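Here's the structure, in structure tokens; my notes come after.
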Amino acid sequence: MKIATWNVNSLNVRAPQVLEWLNAEAVDVLCVQETKIEDHKFPYDEFTNIGYQAVHLGQKTYNGVAIISKHPIEEVQFDIPNLEDIQKRVVAATICGIRIICVYIPNGQSVGSDKYLYKLQWLQALTAYLEQQLKQYPKLALLGDYNIAPEDRDVYDPERWQGSVLVSEPERVAFRQLQALGLHDSFRLFEQPEKLYSWWDYRMVAFRRNLGLRIDHILISSALVPAAKASWIDRAPRKLERPSDHTPVVLELDIG
DNA sequence: ATGGCATAGCGTCTATGA
């Protein structure tokens with residue numbers, strides 16, 4: 001079973017690439033972020049036509065998350081309960097006995113800004129939510145755009161990025177608090193080459209120069225770790241015409 | 001070199017992203 005996450009930066013623009021990629025890679029479950037569309041405009045038919053079903057929580061212009069699955073989607077939950085938030089950033093569901101939680105964690109804009117404080121508070125609420133979810137669902141995967149590069153090796157130039165948003169210590173502490181719940185960065189369960197990233201700025205010819213960050217992650221609960229067989233970042237979609245600035249991250253699970 | 005790009009929206013510019 002392959003599960004994956006991809007910030008598509010507008011599903012209106014990227015739907016053809018997503019459909020093509022699902023077909024080519026035979027992915028079972030894909031979590032997408034930044035759909036930037038309202039629910040009634042989500043292209044459900046295009047996915048059902050190729051054998052997938054989808055649940056979506058979206059809004060105009062910003063945010064928007066979806067889970068697209070080959071297998072039945074059950075126990076769907078939108079948003080973080082007990083968090084007042086008009087931004088559409090979370091959808092959760094149970095698929096093949098695994099709790100799949102798709103998140104678009106706030107960007108934070110710049111350290112000390114209102115958006116940065118919102119990000120840190122949001123992460124606290126997410127952690128509390130996950131603590132609850134883990135009690136209910138021991139087999140859990142948290143997939144999404146975290147907007148956090150957890151370690152310096154996830155940053156192309158750590159000195160230049162030191163202390164700035166996406167890498168600042170409070171954000172990394174929040175990431176480690178998620179890990180402290182018993183969640184594991186599945187990408188790092190496996191031997192990986194250096195300088196692998198999931199996002200590159202559209203500017204500065206950043207992709208060709210590999211000036212990137214690893215900010216899209218698949219965290220899995222301890223109960224799922226034995227099932228994890230491989231994890232990789234698929235750079236191919238980032239090379240297409242009109243790409244998203246993010247590229248998919250994939251985890252292969254053997255769930256018997 | 002803090003920018004250069006991309007997306008959406010009552011839009012010829014602004015807000016946002018990371």
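Chain identifiers are assigned alphabetically (A, B, ...) following the order of the sequence lines, protein sequences preceding nucleic acid strands; residue numbering begins at 1 within each chain. Bear in mind that the values here come from a model prediction, so they are computed numbers and not experimental data.
Atom pair A:R208:CZ and B:dG4:P shows a separation of 19 Å (rounding to whole Å applied). In this entry the distance linking CH2 of A:W199 with C1' of B:dG17 reads 9 Å, nearest Å. Rounded to whole Å, atom P of B:dC5 lies 15 Å from atom CG of A:L211. Atom OH of A:Y118 is separated from atom C1' of B:dA18 by 16 Å (rounded to the nearest Å). In this structure, A:N147 atom CG and B:dT16 atom P are separated by 15 Å, rounded to whole Å. In this structure, the NZ atom of A:K60 is 13 Å from the P atom of B:dA8, given to the nearest Å. In this structure, CD of A:E171 is placed 14 Å from C1' of B:dG17, rounded to the nearest angstrom. Between A:D157 atom CG and B:dA1 atom P there is a gap of 13 Å when expressed in whole angstrom units.
Between the side chain of A:E34 and the backbone N or O of A:S10 there is no donor-acceptor pair closer than 3.5 Å. The main-chain N or O of A:D216 is found under 3.5 Å from a side-chain atom of A:S198 such that the two form a donor-acceptor pair.
Side-chain contact annotation: A:S113 with A:Y118, donor-acceptor N/O pair under 3.5 Å absent.
Rounded to the nearest Å, the gap between the P atom of B:dT2 and that of B:dT7 is 25 Å. Atom C1' of B:dG11 sits at a distance of 15 Å from the matching atom of B:dT16, rounded to the whole Å. Between B:dC5 and B:dC10, the distance separating the two C1' atoms is 24 Å to the nearest Å. Here, B:dG9 and B:dG4 have their C1' atoms 23 Å apart, quoted to the whole Å. Using atom P as the reference point in both B:dC13 and B:dA1, the two lie 31 Å apart (nearest Å). Nucleotides B:dG3 and B:dA18 have their C1' atoms positioned 14 Å apart, rounded to a whole Å.
If you check distances only, the side chain of A:N107 does reach the base of B:dA18 with a donor-acceptor pair under 3.5 Å.
Residue A:N7 is in sugar-phosphate contact alone, with no base atom involved, counting any heavy-atom pair closer than 4.0 Å across all strands shown. Looking at heavy-atom distances under 4.0 Å, A:V13 makes contact with sugar-phosphate atoms alone, never a base. Among the atoms of the strands shown, only primed sugar atoms or phosphate atoms (P, OP1, OP2) are found under 4.0 Å from some heavy atom of A:Y104. Among the atoms of the strands shown, only primed sugar atoms or phosphate atoms (P, OP1, OP2) are found under 4.0 Å from some heavy atom of A:R242.
Nearest nucleotide to the side chain of A:Y202, out of B:dC5, B:dA18, B:dA8: B:dC5. Closest to the A:R160 side chain, of the nucleotides B:dT2, B:dG17, B:dG9, is B:dT2. Closest approach to the A:H246 side chain among B:dA8, B:dA6, B:dA18 is made by B:dA18 (side chain taken as heavy atoms from C-beta onward). Closest to the side chain of A:D145, out of B:dG9, B:dG3, B:dA18, is B:dA18.
Both tests do not hold together for A:R214 against A:Y197: distance to the six-membered ring centre under 6.0 Å, angle to the ring axis within 45°.
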Next item on the list: I would like to know whether A:R209 and A:D201 meet salt bridge (Lys or Arg N to Asp or Glu O under 4.0 Å); could you show each step before the answer?
Entry: CA-CA 11 Å; A:R209 299 161 65 200; A:D201 200 306; over 6 Å; no
Next item on the list: Dump the intermediate steps for salt bridge (Lys or Arg N to Asp or Glu O under 4.0 Å) on A:K239 and A:D234, then the final yes or no.
Entry: CA-CA 10 Å; A:K239 300 173 185 168; A:D234 185 356; over 6 Å; no
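For the pair A:R203 and A:E34, nearest-nucleotide mapping onto DNA chain B gives the more 5' position to A:R203. Position along DNA chain B of the nearest nucleotide to A:Y62 versus A:S10 favours A:S10 as the more 5'-ward residue.
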